[in-house]
Amino acid sequence: MTWEIVIGLETHAQLRTNSKIFSGASIAFGATPNVQACAVDLALPGVLPVLNKAAVECAIRFGLAIGAEIAPRSVFARKNYFYPDLPKGYQISQFELPVVKGGELTILVATGKPGTQAYEKTVHLTRAHLEEDAGKSLHEDFHGKTGIDLNRAGTPLLEIVTEPDMCSAAEAVAYAKALHALVRWVGICDGNMQEGSFRCDANVSVRRPGEPLGTRREIKNLNSFRFLQQAIEYEVKWQIETLEDGGSIHQATVLFDPATGQTRSMRSKEDAQDYRYFPDPDLLPLEIAPTWIASVKTAMPELPGEMRARFERDYGLSAYDAVALTASREIAQYFEDCLAAAGKANSKTCANWIMGDLAARLNKDGREIGEAPVSATQLAGLVLRIADNTISNKLGKDVFDALWNGEGSNADAVIEAKGLKQITDSGAIEKLIDEVLAANPKSVEEFRAGKEKAFNALVGQAMKATKGKANPQQVNELLRKKLTG
């Protein structure tokens with residue numbers, strides 16, 4: 001009998017503010033330990049927290065981006081637990097009344113199976129609430145002791161919680177990538193996973209079809225998409241094997257060890273009552289007026305969903321292409337800049353080059369699109385030379401490689417320097433075809449006997465003779481005319 005996998009994600013996005021959520025201390029990454037922890041962060045007697053308005057506006061932007069309800073009144077609570085990197089003995093968070101309720105995010109999930117199409121899925125969000133981060137415990141280089149760095153204490157976070165809507169590691173990763181792109185798109189988080197600005201906790205359980213939800217285990221602090229996938233896949237396998245061997249699953253918090261590819265138990269999982277939540281007496285309820293929401297909305301960029309619809313409507317792109325080109329704000333901007341120079345008529349060609357050769361080279365070199373050696377304007381120049389038959393699409397790849405390697409300032413310069421201009425003179429091509437036919441009588445005979453592959457071989461010979469410079473369409477048309485005429 002098969003098993004059903006049930007996954008929900010909790011994501012902590014560090015908000016792009018200049019200071020902490022309840023104090024004026026800096027949140028700059030990489031500072032000397034404990035130099036960015038002020039009296040409020042250290043919970044010294046007599047200090048009071050003051051809410052950072054910029055952090056609230058980040059939460060509003062996110063709520064608008066996912067079509068959620070922005071609560072007119074939300075409350076901060078104290079989440080009580082004792083740990084060395086939490087000086088107060090409690091974390092200020094939100095519990096019963098979060099700032100953002102509901103919302104959804106549509107994702108595109110690759111099947112991973114050759115010849116199968118990716119599919120769309122909508123993941124529903126439960127809530128997103130504001131909270132402060134804790135400090136960091138450092139266990140290395142302290143001769144068996146633990147060091148505490150409180151620079152992160154008080155850093156503003158938005159914790160984004162989904163419904164248990166995902167049923168595979170692939171769906172969880174697709175959601176995490178889409179969310180990562182969205183928080184960067186609307187400018188509320190830099191998304192730097194290496195620095196801990198975007199990290200996920202995965203709640204994973206399995207069950208037999210039709211049965212109630214199984215016992216979940218939470219995998220904490222996954223800071224890469226690869227680790228997220230590996231951790232979920234291992235945890236699912238472990239839970240299924242445990243149940244099939246007659247064992248039982250106990251609710252727990254676990255950590256993923258990338259070195260072993262396994263999860264290990266960290267502690268038994270707490271429930272809400274274990275944290276003894278109660279409203280923070282030092283903070284008034286957060287009230288967000290409709291005028292504040294409207295003000296934030298006017299400063300919002302065009303959202304990915306809106307842009308996808310526009311790309312399909314105005315440029316005739318497929319849903320798949322539109323999703324790929326809005327995977328990040330930077331990719332979308334590159335496409336629009338390319339199109340501005342190449343013209344709307346070349347929208348599909350621009351899209352193909354960006355999703356194909358450009359994406360492949362970026363991936364191979366480990367670069368982001370903002371680091372691409374070929375600018376959007378340069379790529380547009382290449383597209384135009386293919387469109388007007390100056391070069392073939394195949395020779396276009398040679399031009400692209402040259403631009404990538406800095407061998408020319410634009411497509412025209414590369415084409416001129418390398419002598420790549422396409423041969424379009426019908427008389428010259430016809431003469432060349434006559435020579436190819438005379439040199440390959442066997443292929444001619446095979447084609448006339450009904451073997452289509454022989455035709456392709458003759459085309460190949462003609463293109464080879466011109467080093468790929470002959471117009472392929474003209475070669476095909478003239479060759480077939482000679483053979484069948």
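Keep in mind the model is a prediction, meaning the values are calculated, not measured.
Annotation: side-chain hydrogen bond (donor to acceptor under 3.5 Å, both in side chains) contacts involving residues 43-67, sequence neighbours excluded, comprise Ser19-Asn52, Glu57-Trp292.
In this structure a side-chain-to-backbone donor-acceptor pair under 3.5 Å is missing from Asp245 to Gly247. Under a 3.5 Å cut-off, the side chain of Gln229 and the backbone N or O of Arg226 do not form any donor-acceptor pair. Judged by distance alone, the side chain of Thr326 and the main-chain N or O of Val323 form a donor-acceptor pair under 3.5 Å. At least one donor-acceptor pair closer than 3.5 Å links the side chain of Gln36 to the backbone N or O of Ala28. Formation of a donor-acceptor pair under 3.5 Å by the Asn80 side chain with backbone atoms of Arg276 is found in this model. Although no hydrogens or angles enter the test, the distance criterion places no donor-acceptor pair under 3.5 Å between the side chain of Arg152 and the main chain of Gly135. In this structure, Asn223 contributes its side chain and Arg199 its backbone to no donor-acceptor pair below 3.5 Å. Formation of a donor-acceptor pair under 3.5 Å by the Lys177 side chain with backbone atoms of Ile107 is not found in this model. Within the 3.5 Å criterion, the main-chain N or O of Pro258 finds no donor-acceptor partner in the side chain of Gln230. With hydrogens and angles ignored, the 3.5 Å screen pairs no side-chain donor or acceptor of Arg184 with any backbone N or O of Ala181.
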(request) For the pair Tyr234 and Phe227, evaluate ring pair (Phe, Tyr, Trp, His ring centres under 6.0 Å) and give the outcome as yes or no after the intermediate values. (result) CA-CA 10 Å; Tyr234 175 83; Phe227 293 165; over 10 Å; no

(request) Output, in order, the C-alpha distance, side-chain angles, deciding distance and verdict of side chain to side chain contact (heavy atoms under 4.5 Å, CB included) for Val56 and Ile288. (result) CA-CA 9 Å; Val56 178; Ile288 301 176; 4.0 Å; yes

(message) Before you tell me yes or no, could you show the steps for Glu163 and Thr126 under side-chain hydrogen bond (donor to acceptor under 3.5 Å, both in side chains), namely the whole-Å CA-CA distance, both residues' side-chain angles and the distance that decides it to 0.1 Å?
(response) CA-CA 6 Å; Glu163 293 291 314; Thr126 308; 2.6 Å; yes

(request) Decide yes or no on side chain to side chain contact (heavy atoms under 4.5 Å, CB included) for Phe311 and Asp321, but give the supporting numbers first. (result) CA-CA 9 Å; Phe311 284 0; Asp321 289 353; over 6 Å; no

(message) Using the rule given for side chain to side chain contact (heavy atoms under 4.5 Å, CB included), can you reason through Val50 versus Leu48, listing the C-alpha separation, both sets of side-chain angles and the distance that settles it, and then say yes or no?
(response) CA-CA 7 Å; Val50 177; Leu48 291 173; 5.7 Å; no

(request) Could you walk me through whether Met166 and Thr162 pass the side chain to side chain contact (heavy atoms under 4.5 Å, CB included) test, one step at a time? (result) CA-CA 9 Å; Met166 290 155 279; Thr162 75; 3.5 Å; yes

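Residue Tyr81 qualifies as enclosed at atom OH: its count of foreign heavy atoms under 6.0 Å is above 12. Summarising the local packing, OH of Tyr119 is surrounded by more than 12 heavy atoms from other residues, nucleotides or ligands at distances under 6.0 Å. By the neighbour-count criterion of 12 heavy atoms within 6.0 Å, atom NZ of Lys297 is sparsely surrounded, having that number or fewer from other residues, nucleotides or ligands. At most 12 heavy atoms of other shown residues, nucleotides or ligands fall within 6.0 angstrom of atom CG in Leu284. Open room surrounds CD on Glu368; 12 or fewer heavy atoms of other groups in view lie less than 6.0 Å from it. More than 12 heavy atoms of other shown residues, nucleotides or ligands fall within 6.0 angstrom of atom CG in Asn405.
Between Gln94 and Ser74, the side chains place a donor N or O and an acceptor N or O closer than 3.5 Å (distance only, hydrogens not considered). Thr106 and Glu120 form no side-chain donor-acceptor contact under 3.5 Å, judged by distance and modelled atom types alone. Side-chain polar atoms of Arg216 and Asn203 form a donor-acceptor pair below 3.5 angstrom.
The residues Arg208 and Glu4 are annotated as not salt-bridged, no charged nitrogen and carboxylate oxygen being separated by less than 4.0 angstrom. Between Arg127 and Glu159 there is no salt bridge, since no side-chain nitrogen of the basic residue lies less than 4.0 Å from a carboxylate oxygen of the acidic one. Using a 4.0 Å cut-off between charged nitrogen and carboxylate oxygen, Arg310 and Glu302 count as a salt-bridge pair. Looking at Glu241 and Lys237, a side-chain N of the basic residue comes within less than 4.0 Å of a carboxylate O on the acidic one, giving a salt bridge. The pair Lys136-Asp149 does not meet the salt-bridge criterion, since no charged nitrogen lies less than 4.0 angstrom from a carboxylate oxygen. Look at Arg16 and Asp190 and you find no salt bridge, because none of the NZ, NE, NH1 or NH2 atoms lies under 4.0 Å from a carboxylate O. Between Glu132 and Lys88 a salt bridge is recorded (basic side-chain N to carboxylate O distance below 4.0 Å).
Here the CZ-CD distance, from Phe29 to Gln194, works out to 9.5 Å after rounding to the nearest 0.5 Å. Atom CD in Glu336 sits 11.5 Å away from atom OG in Ser347 (nearest 0.5 Å). For the atom pair Phe198 CZ and Leu157 CG, the distance stands at 12.0 Å (nearest 0.5 Å). Here Ile7 contributes atom CD1 and Ser168 contributes atom OG; the two are 6.0 Å apart, rounded to the nearest 0.5 Å. Atom CG of residue Leu105 and atom NZ of residue Lys121 lie 12.5 Å apart, to the nearest 0.5 angstrom. Rounded to the nearest 0.5 angstrom, Asp41 CG and Leu150 CG are separated by 8.0 Å.
Between Glu131 and His129, the closest heavy-atom pair is OE1-NE2, 3.4 Å. Taking each heavy atom of Cys200 and Thr11 in turn, the nearest pair found is SG-OG1, 3.7 Å. The two residues Pro87 and Ala43 have their closest heavy-atom pair at C-CB, 4.3 Å. Considering every non-hydrogen atom in both Asp280 and Arg78, the closest pair reads OD2-NE, 3.1 Å. Between Leu228 and Ala172 the shortest heavy-atom distance is CD2-O, 3.9 Å. When all heavy atoms of Cys58 and Leu15 are compared, the closest pair comes out as CB-CD2, 3.9 Å.
The side-chain heavy atoms of Cys350 and Leu379, taken from C-beta on, include no pair separated by under 4.5 Å. Residues Leu64 and Met300 are in side-chain contact: their nearest non-hydrogen atoms beyond the backbone lie under 4.5 Å apart. Contact check for Trp185 versus Pro304: side-chain heavy atoms found under the 4.5 Å cut-off. Side-chain contact between Tyr334 and Leu325 is absent, with no heavy atoms from C-beta onward closer than 4.5 Å. At least one side-chain heavy atom of Val236 sits under 4.5 Å from a side-chain heavy atom of Val204.
The six-membered or imidazole ring of His180 lies near that of Phe225, with a centre-to-centre distance under 6.0 Å.
A side-chain hydrogen bond (donor to acceptor under 3.5 Å, both in side chains) with Thr263 holds for exactly one of Lys220, Glu235, Gln239; it is Glu235.
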Under 3.5 Å, which donor-acceptor pairs link side chains of residues 353-364 to any protein atom two or more places apart or in another chain?
residue	atom	partner	partner atom	Å
Asp357	OD1	Lys397	NZ	3.1
Asp357	OD2	Lys397	NZ	3.3
Arg361	NH1	Asp401	OD1	3.0

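Judged by the 6.0 Å distance and 45° axis criteria, Lys79 is not positioned over the aromatic ring of Tyr277.
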